[in-house]
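Data block below; observations after.
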Amino acid sequence: MSNRKMVLGREVCLIIFLVFTTIRSEENLALSKAASQSSDIGNGRWPASGAVDGCEETDVFSDCCSHTDIRVSKTAWWRVDLGQISTIDTIRIVYRDNFQQRLAGYQLYVSNTTTLPTDGVLCYEDTSSTNSSVQLVVTHQCPYVGRYVTVYNYRNNPKRYNWYSDDALLELCEVQVFGCPVGMYGNGDCNQVCPASCYGRNCNSKTGSCIYCIQGKYGNTCENDCSTNCKDSLCSNESGFCFECIHGKFGNACDQVCSVSCKEGFCAKDTGYCHGCVDGKFGNSCGQQCSVNCKDRLCAKYTGYCNNECIIGKHGENCDQDCSVNCRDRCTRDNATCIECITGKHGETCDKDCPMNCENNVCVRTTGLCNGCIAGRYGVTCSLTCPVTCKDFICNQQTGHCLDCYPGKYGVVCGADCPDKCTDNICSKDNGRCLTTGSRNTEQSSADSNMIIIAVLATVCGLQLAALITTVIYHLRYRQKRKNSSNTGTDIKEEQSVPDTGYTSISPRQEETSHVYEMVVT
Ligand SMILES: *[C@@H]1O[C@H](CO)[C@@H](O)[C@H](O)[C@H]1NC(C)=O
């Protein structure tokens, strides 16, 4: 090939290149830049620069392609230094005709360093599965910022596909890198400056739109400010929607105010729903009032059910039902059981009357038994009559035994007479033994004994009459009550009279020692 022919070939290439660049909107940043490759062949006939000379001839014997050594190794690379950090858009490759098996498997890297051929970011890798699908003239999107572009190839053992060449080598006839120096853009000449709000002053080399915005900006050229309601002034580059809102705001642009009823003013960015409600409110946006019947007006955020207890006098899931009027204050929330009853009542809901002879009309809420009896009565429901012989008509509430006897009498029901020989006719209530005057301690002990005896006789007569009346009344009531209880089904069983209720009935031992003497006035 003559020198002349070669020069002519180069001129033809240059013309093609000029035509080509006028229809591109960006510069070919690689044209005539410094290029290097992993090895040379043919004494410089196919240098790395052959791929940046503007000649796209695909016959290597036209002498405007690059070519690495065929004998060398399992890796090969070719690289161009763009001279400065640049915003790359696309990379176009023109490879030697009919050598798909050699190009197959190649990779494209963009980097700022050249320590390894694979430095930087991988923007393309060929994985074509058939020889014919490897494109020899092809353009790849490679939207990265960097200074070096490297074409790299390798051959593993085994190879990815059988049809791959055994050795790695590159025969690039042209490599074009389209883009602009970083910070610039423009139609063919990269003479426009990227907008100042572009992050890193870096913009799309064709359109000039920012790739990222600096913090607090959004829009094509990052000309808009993110809302001041965006947390940390961060918003989407495209839409301007906040990623998060500042406290108390919601909505895409965080321009809506969370409900004042939201706990601590927090609500969800998308819905405005509160995370929690202030006391006394419920609902998604906490717009509803908890029932006045909830204690402290506290209720569940979603259901509105009272959180804890009801106010006094109410029960039910929503505390909207009244406790029984017979409850004293409260009843349980779930089953309306009274905690305490009003006087005279008992039962779960205090609907039953206490036995009539309970002291102060008070009985145990759960059992209905009396705490104490009125005078003259004994038994758990105070339905039994104390022996009339008991002093002051008072007997033990459990046993019915007299607590004390009148002078001259002794025994559990005071049915026996003290022995005659006892001074002043006074004897021990328990065993009938005479008590010495010295041991007497009643108030009347030193008074006129005649008067005492008369008084005792009068009292005994009176008590006998009273007992008769009481017994009659008792039996009448007892019948009445039996009738009632069989009607109402009350759970209190009528108690059985103890056998020694009668005032003449005494234990055998007492009978032995007893003397039925009329008292003698001395
Ligand atoms: C090269 O450096 C520029 C500026 O520092 C940076 O933006 C870019 O991401 C770097 N490129 C690579 C591939 O590391």
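Positions are given from 1, in the same order as the sequence printed here. Since we're looking at a predicted model, the values are computed, not measured. In listed order, ligands and their atoms are each counted from 1.
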*Mark yes or no for whether Asp279, through its side chain, and Arg297, through its backbone, hold a donor-acceptor pair below 3.5 Å.*
no
*Considering only the protein, which heavy-atom contact is closest to atom 7 (O) of ligand 1, and what is its distance?*
Val145 CG1, 4.1 Å
_Close-contact set for ligand 1 against Val110 heavy atoms, below 4.0 Å_ = 13 (C)
*Between Arg45 and Asp63, is the closest basic N to carboxylate O distance under 4.0 Å?*
yes
*Would one find an N or O of Val121, backbone or side chain, under 3.5 Å from an N or O of ligand 1?*
no
_Minimum side-chain heavy-atom gap Val257-Lys249 below 4.5 Å_ = yes
*asked:* I'd like to know if Asp166 and Lys159 make a salt bridge, using a cut-off of under 4.0 Å between side-chain N and carboxylate O.
replied: yes
*Of the protein's non-hydrogen atoms, which lies at the shortest distance from atom 3 (C) of ligand 1, and what is that distance?*
Asn112 ND2, 3.7 Å
_Within this structure, what is the OG-CD1 distance for the pair Ser291 and Ile311, rounded to the nearest 0.5 Å?_
7.0 Å
*Based purely on interatomic distance, does Ser111 place a nitrogen or oxygen under 3.5 Å from a nitrogen or oxygen of ligand 1?*
no
*Nearest to atom 4 (C) of ligand 1, what protein heavy atom do you find, and at what distance?*
Ile85 CD1, 4.1 Å
